Protein chains: 2
Amino acid sequence: MTLLSPIDGLVDKLRDQGFKITHPRYQVIERVADRDANFTAEELAAELAPVGRATVYRTIKLLVDQGLLCRVVLGDGSICYRSSHLAHHHHLVCLSCGATEDVHLSDVEAVIDRVRGATSYEVVSHRIEVYGFCPRCKGFQSEADITHLHLH
Amino acid sequence: MTLLSPIDGLVDKLRDQGFKITHPRYQVIERVADRDANFTAEELAAELAPVGRATVYRTIKLLVDQGLLCRVVLGDGSICYRSSHLAHHHHLVCLSCGATEDVHLSDVEAVIDRVRGATSYEVVSHRIEVYGFCPRCKGFQSEADITHLHLH
DNA sequence: GCAAGGATGAGACTCCATCTCAATAAGTTA
DNA sequence: TAACTTATTGAGATGGAGTCTCATCCTTGC
Ligand SMILES: [Mn+2]
Ligand SMILES: [Mn+2]
Ligand SMILES: [Zn+2]
Ligand SMILES: [Zn+2]
């Protein structure tokens, strides 16, 4: 009897959509599926060494589209990724070390709906990142770190 | 009697902080202060032609720090700038053309406060961009545009 | 098996941003 | 005004992230 890994579902879903499950692609999925820490595309490419950089970038994009990964915008604007739990959520990001937690911002939908009612734009999505200092970095921030924050 | 332009306040503030008001720097401020449309660093550098690119980038950073400009993250992750009205606000960004409106998200602070109470992070800031299609782009979006949105 | 078409990857390339460092200009002091 | 101190400038190099090309390879369905 085969043990059904959480990856299998995704693999089937991809095949259904006409994507081929190649070895390099599978390696990327494997490495990424169960991570709890953030990682950059470049880090992942380095880890997966013999797999081509282009393939890693292409696969990350694919996995973001498929909802397995989500992009995180760090305080300095740089990008990293983390495995997604699929339900809509947002990010709490450490300005110092980049450590990230998923947060559910209750009632955000209500806030967004109010925008929807007040604008002529057709609102389809939003991005929220909450920034701060994680327990480990708390107390080490300098004045400068904080006074340089104009994120909106 | 001298007419007090809105730029003068900033110039004084900068001088107070020990920054020198050089000609190139002043030119950047002038070009940027009253804009209503978004612009990229590269566009600004091109417009200000003889002013060095490095100087334009440095000055933009300075003005973001000083609160005269704010960074906008477009749907594709690229960056542009717009003059800021200083009060805390967020952005409503067109996924198609990048047109941006400032929006005040009422009650966001309450939502953020709830995060503050529920995490061990020290929350200091946040970034919110609401994405959609502006009146002019509405109706032109393809399925693809929308299904590729995993912004959180 | 085989064929068809998607996927790969080395390397070139683009874009954005920052760095270096010698030359220059702003502000200060006398 | 002249000298002085120091921040600023800018040409060009450099770095980093991501994309593109295209000949070759692999997966899948038949
Ligand atoms: Mn996430
Ligand atoms: Mn703004
Ligand atoms: Zn941290
Ligand atoms: Zn638009």
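Chain identifiers are assigned alphabetically (A, B, ...) following the order of the sequence lines, protein sequences preceding nucleic acid strands; residue numbering begins at 1 within each chain. Here the structure is a predicted model, which is why all the values come from computation and not from measurement.
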In short, A:K138 meets B:S120 closest at the heavy-atom pair NZ-O, 2.6 Å
B:L69 and B:S83: which non-hydrogen atoms are nearest, and at how many Å? CD2-CA, 3.8 Å
Validation row: B:V103, A:Y121 side chains within 4.5 angstrom (heavy atoms): no
Flag the pair B:K13 / B:D16 as yes when at least one side-chain heavy-atom distance between them is below 4.5 Å, and no otherwise. no
How does DNA chain C look in dot-bracket notation if pairs are Watson-Crick or G-U with both distances under 3.5 Å, crossing ones as [ ], other-strand ones as |? ||||||||||||||||||||||||||||||
Once rounded to the nearest 0.5 Å, what's the spacing between atom [atom1] of [X] and atom [atom2] of [Y]?
| X | Y | atom1 | atom2 | result |
| --- | --- | --- | --- | --- |
| A:I79 | A:L74 | CD1 | CG | 7.5 Å |
| B:N38 | B:E43 | CG | CD | 9.0 Å |
| B:S125 | B:I112 | OG | CD1 | 9.0 Å |

Sorted by number, the residues of residues 10-21 of chain B with heavy-atom contact under 4.0 Å to DNA chain D: B:F19, B:K20
Once you apply a heavy-atom cut-off of 4.0 Å, does B:R58 come out as touching a base, just sugar-phosphate, or nothing? base
At 4.0 Å (heavy atoms only), tell me whether A:R53 reaches a base, stays on the sugar-phosphate, or touches nothing. base
[X] [atom1] to [N] [atom2], straight-line distance once rounded to whole Å:
| X | N | atom1 | atom2 | answer |
| --- | --- | --- | --- | --- |
| B:L62 | C:dT18 | CG | P | 13 Å |
| B:H23 | C:dG27 | NE2 | P | 12 Å |
| A:Y57 | C:dC13 | OH | C1' | 14 Å |
| B:Y81 | C:dC16 | OH | P | 11 Å |

Going 5' to 3' along DNA chain D, which are the first and last nucleotides with any atom under 4.0 Å from a heavy atom of chain A? D:dA17 to D:dT28
Decide if the gap between the ring center of A:H90 and the ring center of B:H126 is smaller than 6.0 angstrom. no
Assess whether a salt bridge exists between B:R116 and B:E122, defined as any Lys/Arg side-chain N lying under 4.0 Å from an Asp/Glu carboxylate O. no
Looking at residues 30-47 of chain A, who's got a heavy atom less than 4.0 Å off DNA chain C? none
If you look only at pairs with a residue in residues 21-37 of chain A, which of them pass as a side chain to side chain donor-acceptor pair (under 3.5 Å), with sequence neighbours excluded? A:R31-A:E47, A:R35-A:E47
Who passes side-chain hydrogen bond (donor to acceptor under 3.5 Å, both in side chains) against A:D107, sequence neighbours left out? B:R114
